[in-house]
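Proteins get letters first, then strands, A, B, ... in listed order; numbering begins at 1 in each.
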Amino acid sequence: MVLTQDLRGLLGEEHVLETPLARHLYSTDAGVLRGSAQVVVLPADARQVSEVVKLANRYQLPLVARGAGTGLAAGAVPLEGGIVLATTRMNQIEEIDVENQTAWVGPGVINLDLSRTTTPMGLHFAPDPSSQAACTVGGNVANNAGGPHCLAEGSTVNHILALEVVLADGTITTVGSEAPDPIGLDLRGILVGSEGTLGIVTRALVKLTPNPPDVRTLLASFSSVADAAATVSGVIAAGIVPAALEMMDKAMTVAVENWLHAGLPTEAAAILLAEVVGETDAVEAEAHLIETVAHSHNAEEVRIAQDEAERALLWKGRKSAFGAVAQAAPNYYLHDTVVPRTKLVATMAEVYRIGERHGLTMLNVFHAGDGNLHPLMAFDARQPGMLEKVQAAADELVELCVSKGGALSGEHGIGREKRDLMPLMFNEIDLDAQARIKEVFDPENRFNPGKVLPAGSRCFDLAGGKLPDGVWV
Amino acid sequence: MTSIKAALANLVSQMRPPESELPEAELVAGPATIEELAHLLAQANAAGLKVLVWGGGSHQGLGGRVAPDLLLVTTALDRIIAWEPEDLTVVAEGGVAAARLEDHLGGRGQTALLPTQPLQATIGGVIAAGISSYRRGRYGPTRDRILEVTLVTGDGRVVRGGARVVKNVTGYDLPRLAAGSLGSIGVIASVCLKLWPLSAAAATVVVDDPERVAALVYRPLAIISTRHNTRVYLAGTEAEVNSQIGRLGGDGQLGHDWPADPPGGMRWSLRVPPALVNHALTKLPSTWSYVAQHGVGLIEAGSDDFEGAVELREWTEAIGGALVLVAAPDEVYGLIDPWGTPPATLDLQRRLIAAFDPGRILNPGRLPGGV
């Protein structure tokens, strides 16, 4: 095939994958949707990415960029075929600038590798999604990823100073700067979180955060979810924004404890994991205050991690929770929605009701401090009608959160998964404005077509709208 | 006057802006609701009028000069719409003075971390001009805390982006695009901002060497140098702040004694990589006054003329920064480009603005590159 020859000429034989296995592997992400990659390319730098973009233009093929494929919203799934561009080889941590607390990194750098590399220098990359051992900085940028510690530090966008990006015509440009407040429109801000629909990031200048001198990690258990949720609001009302404030319900705690054996209180209806960082005087005072608030909301037990090993164990339980679900059922559907913090109690009650109504096991582990819910439905996809049931429940969950004044997604992105739910939050004028942004960056709808914006957002049919055969949403 | 202009004059006469000192323009309007604002801009767009958007007038020196047909005053959009202390969010209209909002929030120990000087600066103006308070050293710039924005575009569309929650990735980040846009993608009708609790204790300590501070204090609120001295601004629990004062070895003064604007008939914003602040100060003409934010990379400077500015700008741009003129007598803008070299993405910026303001009526020519 001519396209493949051109790509091989450009990137070398071994960096163009066309076997059925490769195409199969790169046709999905960590979610449940599957597309169809025509060919997979592994460029080494911006120049090669630019040439691939030009070839995609010449052959009029869609181009879908992907990092590690840990996304859950089908953001990296090639729904309309075409070229999948994996950033795997662009994995250099190029320049770490300790003085300026920044680093230029390739999009294929793994999130945790970045922090591991910079930790000895007293710095870390603050966004810490649960998938951080696998997910890439490029994927973090595309989805504006979060993680437990973005409660105090903010999502990825707060930690990106500049981006080198390949635009739809193949131009390589840089937006943003190491100096603050770059002049002109904040294109860096609009590119972060654009899910690969506006440009392909080939390098990122990340802001690194100083490692805190001290830390306290607390585990509080409650006999009701409402008490745990009220503690979250209570802590914020007491004037503390902890570094992290996470909640796990009983079903999830049991699943985690079964394999981790961390001594988690499996009898509790909900547990809260709170972390405060800073100078010793501050973390002691704040930890004490959180303890007091928890007790005022009937906490059964408040445990403070005594050493780094215990702290690491607690976090391991939190961050590997999703893997632990495998013992409950072979498949799971993990949701990501947001409600205002004050609506947590009411929303959680409804979440369980939705699960009961559909006969689904609902497990919860989430960023309570942000109001960022992650209801997880464990199921067996082999059971007839199960997928439809899960999808119906998932849609109800989103509608519930939006009705409480929330948002479709807090950190996972819209992708294809929630694309058609966008009208729940935005009217046609809002969506048209977003579609105009897409049109300015990518007039031929080359980059990651069919994502983020529903069909018909613009006056013309931008997204195409038709799903390939065999795809379910 | 065409009929559309006559209709506009009639419309404008019904939207009298609140009393304040305003520049001259053929038409002056102060819409009090978002619907009025949208109606007004749709009409202005149809008539092809150049519109200068005016909040408190505090940052009007930023960017190219605009000779407006219509002066659009936002200060009648002055409602604080919703405040949820337990959610740490507030929703307010663009014409609310930032100082008034901070005063309001302070009543229950919260802050939007907006600058409170000058007193008349509006939230919409502060965001549109991309201004942050000195507390950004610890908490980051204002643009990091805009959760939702409602804009009225140049052609009168009411466009909302973001949501009233502290964490959200639904759709493109319109709130960020509005920050620093100088009204070019729309007039900021209302915003939802992320709040922080105010700290229990605050202190200001004078130090000799700003570079030693980072080793002694974990992420202070700000480290600011002037020609007079360097001050470290602390905030936290009482025990924490007392211990920090001790470590800094200085006499702590209770509260935050923020510096005044650097004196001079011209004001500049010098933006450099954070570690180069001290180096940049050596490049500053010796007659210039300054307020330098260590760890941020922002130096506000004041001068009586622009001698030395061209050389300083050359040096700054070569290290990836910018020297921006932020206030000066009008005639100066004809002598020196207020922005310097425009960004490489100028064409993209121009097209993006056209998507929101097809007639290019909102603050035309104010952005870099005369956009």
Looking at [Y], is its backbone amide N or carbonyl O close enough to the side chain of [X] to form a donor-acceptor pair, meaning the two atoms are under 3.5 Å apart?
X: Ser181(B); Y: Leu185(A); answer: no
X: Arg219(B); Y: Pro212(A); answer: no
X: Glu178(A); Y: Pro273(B); answer: no
X: Tyr172(B); Y: Lys438(A); answer: no
X: Arg351(B); Y: Val440(A); answer: yes
X: Glu86(B); Y: Thr342(A); answer: no

Please rank [options] by heavy-atom pairs under 4.5 Å with chain B and give me the top one.
options: Leu151(A), Asn211(A), Thr102(A); result: Asn211(A)
options: Gly239(A), Ser409(A), Cys150(A); result: Ser409(A)
options: Leu167(A), Val452(A), Asn372(A), Thr173(A); result: Asn372(A)
options: Asn144(A), Thr209(A), Val157(A); result: Val157(A)
options: Gly278(A), Ala237(A), Ala282(A); result: Ala282(A)

Rounded distance (nearest 0.5 Å) linking atom CG of Leu289(A) with atom OG1 of Thr237(B): 10.5 Å
Note, Gln293(B) side chain near Pro180(A) side chain (heavy atom, < 4.5 Å): no
Contacts of type salt bridge (charged side-chain N to carboxylate O under 4.0 Å, His left out), residue Asp370(A), not counting sequence neighbours: Lys167(B)
Trace of the side chain to side chain contact (heavy atoms under 4.5 Å, CB included) decision for Thr170(B) with Val338(A): CA-CA 10 Å; Thr170(B) 312; Val338(A) 194; over 6 Å; no
Nearest heavy-atom neighbours spanning Pro340(A) and Val165(B): N-CG1, 3.6 Å
Full working for side chain to side chain contact (heavy atoms under 4.5 Å, CB included) between Arg176(B) and Val192(A): CA-CA 10 Å; Arg176(B) 255 170 207 279; Val192(A) 177; over 6 Å; no
Heavy-atom contact with chain B under 4.5 Å, split by part of Asp97(A): neither
